[in-house]
2 protein chains.
Amino acid sequence: MKSLLIQKSHARECFRNFLRGKNLLLTTERSRLLDIIFSQRRHFCIYDLHQMCQVNQQKVSLATIYRTLPLMEKAGLIRAVNLKADNWLYENTYFKHHHDHMVCVACGKIIEFENVGIEKMQSKVCKKHDFIMTEHTLELRGYCSHCKKTRKISALLGSKTA
Amino acid sequence: MKSLLIQKSHARECFRNFLRGKNLLLTTERSRLLDIIFSQRRHFCIYDLHQMCQVNQQKVSLATIYRTLPLMEKAGLIRAVNLKADNWLYENTYFKHHHDHMVCVACGKIIEFENVGIEKMQSKVCKKHDFIMTEHTLELRGYCSHCKKTRKISALLGSKTA
DNA sequence: TATAAATTGAGAATAGTTCTCAATATTGTC
DNA sequence: GACAATATTGAGAACTATTCTCAATTTATA
Ligand SMILES: [Mn+2]
Ligand SMILES: [Mn+2]
Ligand SMILES: [Zn+2]
Ligand SMILES: [Zn+2]
């Protein structure tokens with residue numbers, strides 16, 4: 001995987017082109033947001049992002065954040081996932097393969113996984129229903145390896161709703 | 001599949017037992033909500049439900065609805081799904097097998113499907129990550145058979161993100 | 001420098017949901 | 001039935017995440 005610095009400059013170039021194509025500007029605020037977002041690989045929420053903007057005299061308003069994220073989404077740089085029903089998380093997609101998530105309901109840990117088999121079967125189901133899939137989300141909720149131990153969750157639990 | 005009337009009385013019995021076990025009461029409001037919910041099989045949103053309550057002098061407040069739905073959820077009678085990111089839908093689960101959803105982004109149509117193969121592979125992935133799954137959601141978004149035709153969506157579109 | 005177009009931030013507005021609390025209903029007991 | 005203890009309800013306030021409004025500012029271009 002490329003270094004964050006290189007990723008960042010590629011992402012900026014991508015964003016710049018996207019914006020240019022729509023007669024939009026790569027303003028300092030948008031550039032700053034991009035900088036922050038592509039300086040880490042974790043999932044982030046809007047609140048976090050807003051916090052991270054508030055350092056060094058500089059700041060970006062919530063309004064601008066709410067306006068910018070959908071732009072980055074359309075540019076294919078990030079995507080929104082709602083692993084916790086209450087607030088949306090965003091994640092860098094520009095340098096990542098598609099993946100799905102497991103979320104530990106005890107500690108909140110997020111595990112990413114790719115599974116070609118599942119994806120293939122999804123396509124089959126779509127074909128069967130004559131449905132053209134443009135995107136999908138698969139979320140598994142439960143107990144991570146660590147919480148399973150500390151909470152003594154039985155493996156049987158898993159089979160109940162599997 | 002059993003008739004709605006029989007389902008309804010079973011659901012009421014189930015809810016009554018659940019409530020009794022927690023020293024809660026099956027009030028007229030709760031009973032009325034159950035009546036409305038188990039009189040149809042479609043997915044419903046809170047707004048709809050609230051509307052349906054407002055007939056015949058009788059009414060149930062939003063506050064009560066918001067308090068009652070989580071109870072029914074815990075009782076295993078309904079579940080919440082958020083197919084449209086903006087507002088939650090609920091659906092009767094008491095007489096239905098587990099299933100997942102396809103949602104048409106053009107017309108909003110919801111298609112339900114069951115796929116044992118996918119579920120099995122999910123379990124495998126969990127095993128691999130030593131993760132105890134308690135629930136999952138799989139959502140496919142795209143174009144239904146009808147909208148595909150009227151909008152002349154190419155089948156190739158589907159393969160892009162599949 | 002002048003002009004037009006795009007952008008920003010503050011704060012108002014919206015909407016979905018939860019909370020508060022006084023009034024009401026239910027349950028079990030005498 | 002009367003009573004005390006508990007649970008429930010609805011109205012409206014409160015909260016929170018998100019969107020909208022608009023005047024001031026920035027940027028691009030000529
Ligand atoms: Mn991820
Ligand atoms: Mn369904
Ligand atoms: Zn955990
Ligand atoms: Zn459709």
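Numbers restart at 1 for each chain; the letters A, B, ... are given by sequence-line order, proteins then strands.
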**Q** Among the candidates dT18(D), dA6(C), dA11(D), find the nucleotide nearest to the side-chain atoms of Leu25(A).
**A** dA6(C)
**Q** Can you tell me if the side-chain N/O atoms of Tyr66(B) get under 4.0 Å from OP1 or OP2 in dT18(C)?
**A** no
**Q** Measure CG/Asn23(B) against C1'/dG28(C) and give the value in whole Å, please.
**A** 12 Å
**Q** Separation of Ile65(B) atom CD1 from dG16(C) atom P, in whole Å?
**A** 13 Å
**Q** Measure from CG on Leu69(A) to P on dA17(D) and round the result to the nearest Å.
**A** 15 Å
**Q** Taking only the side-chain heavy atoms of Arg67(B) (C-beta and beyond), determine which of dT8(D), dG10(D), dA6(C) contains the nearest atom.
**A** dG10(D)
**Q** With sequence neighbours excluded, give me every side chain to side chain donor-acceptor pair (under 3.5 Å) pair touching residues 67-81 of chain A.
**A** Arg79(A)-Glu91(A)
**Q** Starting from P on dA17(D), measure out to CH2 on Trp88(B) and report it in whole angstrom.
**A** 16 Å
**Q** Separation of Leu62(B) atom CG from dA15(C) atom C1', in whole Å?
**A** 12 Å
**Q** Rounded off to whole Å, could you give me the CG-to-P distance for the Asn82(B) and dT17(C) pair?
**A** 11 Å
**Q** Hey, does Arg30(B) reach any base, or is it just sugar-phosphate, or nothing, if we go heavy atoms under 4.0 Å?
**A** sugar-phosphate
**Q** Select one nucleotide: of dG9(C), dA7(D), dG10(D), the one nearest the side-chain heavy atoms of Leu24(B).
**A** dA7(D)
**Q** Does any N or O in the side chain of Thr134(A) come within less than 3.5 Å of the main-chain N or O of Arg141(B), such that one atom is a donor and the other an acceptor?
**A** yes
**Q** Mind telling me whether Phe44(B) and Tyr90(B) have parallel, tilted or perpendicular rings, with 30° and 60° as the class edges?
**A** parallel
**Q** With a 3.5 Å cut-off and heavy atoms only, can you find an N or O donor on one side and an acceptor on the other between the side chain of Arg20(B) and the base of dT26(C)?
**A** no
**Q** Tell me whether Arg32(A) is salt-bridged to Glu29(A), with the criterion being a basic N under 4.0 Å from an acidic carboxylate O.
**A** no
**Q** Whole angstrom is fine here: how far is it from CD in Gln57(A) over to P in dG9(C)?
**A** 15 Å
**Q** Measure OH/Tyr90(A) against C1'/dT18(D) and give the value in whole Å, please.
**A** 10 Å
**Q** So, does Thr64(B) get its side chain near the phosphate of dG10(D), meaning an N or O under 4.0 Å from OP1 or OP2?
**A** yes
**Q** On DNA chain C, does the nearest nucleotide to Ala63(B) precede the nearest nucleotide to Thr27(B) from the 5' side, or the other way round? Give the residue.
**A** Ala63(B)
**Q** Under the criterion side chain to side chain contact (heavy atoms under 4.5 Å, CB included), I'd like the reasoning laid out for Leu138(A) against Phe113(A): C-alpha separation, chi angles, the key distance, then a yes or no.
**A** CA-CA 10 Å; Leu138(A) 172 59; Phe113(A) 69 91; 4.0 Å; yes
